[in-house]
Amino acid sequence: MRTFIVVGHKATTTPDFSLEDIPGTSGRLDILCRCINAAFVISHGIRHDVRILLVLCGGEPHKTVCLRGEDLRHLNPDERTTAALLKKALAIVAWPEWSMSTSGIFVRTGGLGEVLSDLKAKGIKPAYLREDGMDVHEADCNLSGDAVFILGDHLGMTPEEETQILQAGAEVISIGPACLHADHCIVLVNWMLDTGMLGDQTIIRPIS
Ligand SMILES: C[S@@+](CC[C@H](N)C(=O)[O-])C[C@H]1O[C@@H](n2cnc3c(N)ncnc32)[C@H](O)[C@@H]1O
């Protein structure tokens, strides 16, 4: 199971945004919708071996939404449908424990700190993606099929978040010198993992 964690610094924690204007009313949930698409959607199916955690910091308390490929349903390639799934998830009452919204989509209160604590409890050291990091091919950390990757949104990461991430034992990894969109980074990481460039080759098992 490969995991992507994306921090949405302005992303709303409530469902009161417009599907007619997602970028303008949701704190850029459109960026996170594209990350979901990049993480899961392949031609005629979705990836089962992927999980994405979206850290929503645009309200108090922060919330985290988790989408899990093994039981994810109703995901289509378009942003509007994806945003509608997030709207549903944000409409349910969130607690510090995970609650299921629709199949494969879970929500809880808590932000990056809680996500990093979970990783620490499982002994997992994440890879923090940043263009000035160590070349992905020379990285020391385990980037096999079970790796965890942390990415920023259009605002990158705050110094405080970077400190938290580094204290969690993350290695800073670059997939090239250009600053890319987060969803494009996810596509590239998926491709590198698919082709075995980052460790064990994993098999894509699409559903139709
Ligand atoms: C649009 S970029 C962030 C731009 C933001 N203005 C900044 O300066 O950090 C979104 C995220 O993609 C990841 N990223 C972008 N380019 C990358 C690269 N070449 N290698 C690794 N990660 C990259 C980083 O996690 C970054 O926070």
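Quick caveat: nothing in here was measured; it's all calculated off a predicted structure. Just follow the structure's listing: the first ligand is 1, and inside any ligand the first atom is 1.
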Colleague: As a quick check of understanding, evaluate side chain to side chain contact (heavy atoms under 4.5 Å, CB included) for Thr81 and His74, giving each step before the final call.
Modeller: CA-CA 8 Å; Thr81 311; His74 316 302; over 6 Å; no
Colleague: Quick check on side chain to side chain contact (heavy atoms under 4.5 Å, CB included): which of Leu129, Val189, Ile175 does Val136 satisfy it with?
Modeller: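 Passing option: Ile175.
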Colleague: With sequence neighbours left out, write down each residue that passes ring pair (Phe, Tyr, Trp, His ring centres under 6.0 Å) with His181, or none if nothing qualifies.
Modeller: His184
Colleague: Identify, with sequence neighbours excluded, every residue that meets side chain to side chain donor-acceptor pair (under 3.5 Å) alongside Thr12.
Modeller: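 Thr12 satisfies side chain to side chain donor-acceptor pair (under 3.5 Å) with Thr14 only.
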Colleague: Are Ile173 and Ile124 grouped together when hydrophobic residues (ILVMFWY) are joined by side-chain heavy atoms under 4.5 angstrom apart?
Modeller: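 Different clusters.
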Colleague: Dump the pairs for me: ligand 1 N or O, protein N or O, distance under 3.5 Å, to 0.1 Å.
Modeller:
unit_1, atom_1, unit_2, atom_2, d
ligand 1, 6 (N), His154, O, 3.1
ligand 1, 16 (N), Leu180, N, 2.8
ligand 1, 19 (N), Gly176, O, 2.7
ligand 1, 19 (N), Ala178, O, 2.7
ligand 1, 20 (N), Ile175, N, 3.0
ligand 1, 22 (N), Arg130, N, 3.2
ligand 1, 25 (O), Leu129, O, 2.6
ligand 1, 25 (O), Gly152, N, 3.2
ligand 1, 27 (O), Gly152, N, 3.3

Colleague: Got a sec, which residues hit salt bridge (Lys or Arg N to Asp or Glu O under 4.0 Å) with Glu160, two or more places apart in sequence or on another chain?
Modeller: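 In terms of salt bridge (Lys or Arg N to Asp or Glu O under 4.0 Å), with neighbours along the sequence ignored, Glu160 is linked to no residue.
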